[in-house]
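Heads up, the thing below is written out as structure tokens.
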Amino acid sequence: MHSDKRLCTRNGCREEARVALTFQYANSVIWVDHLSDERRPQVYEFCDIHWNRFAPPTGWTLEDRRRTLVLPFVHRLAG
Ligand SMILES: [Zn+2]
């Protein structure tokens, strides 16, 4: 069983997708979510590498809607 593995949507990338990016063009917001169960064509799914390299276009806002994942470079714990 390997059909569950989701690959990064970047061309030529063979890494496993980790985050889902949804572009809300109406208000220039990019939602960052965990991968959904079903792949949706308008959602970009990036691997860790491309996610770490990703920067929103000028004028866009990133809204991270994930609750449980902590970015590796953030070491802030409660207290
Ligand atoms: Zn990638």
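Remember, it's 1-based here, ligands and their atoms both numbered in the order they're listed.
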Taking all heavy atoms of [X] and all of [Y], pick out the closest pair and write down the distance.
X   : Y   : result
C8  : C47 : SG-N, 3.5 Å
D37 : R6  : O-NH1, 3.5 Å
P56 : I30 : CB-CD1, 3.8 Å
V43 : A20 : CG1-CB, 3.6 Å

>> Students often mix this up, so state it plainly: with edges at 30° and 60°, are the rings of Y44 and F46 parallel, tilted or perpendicular?
In response: perpendicular

> Does the separation of the ring centres of W60 and F23 fall below 6.0 angstrom?
Replying inline: yes

>> For the Zn ion (ligand 1), which protein N/O/S atoms fall under 2.8 Å? Skip waters.
In response: C8 SG, C13 SG, C47 SG, H50 ND1

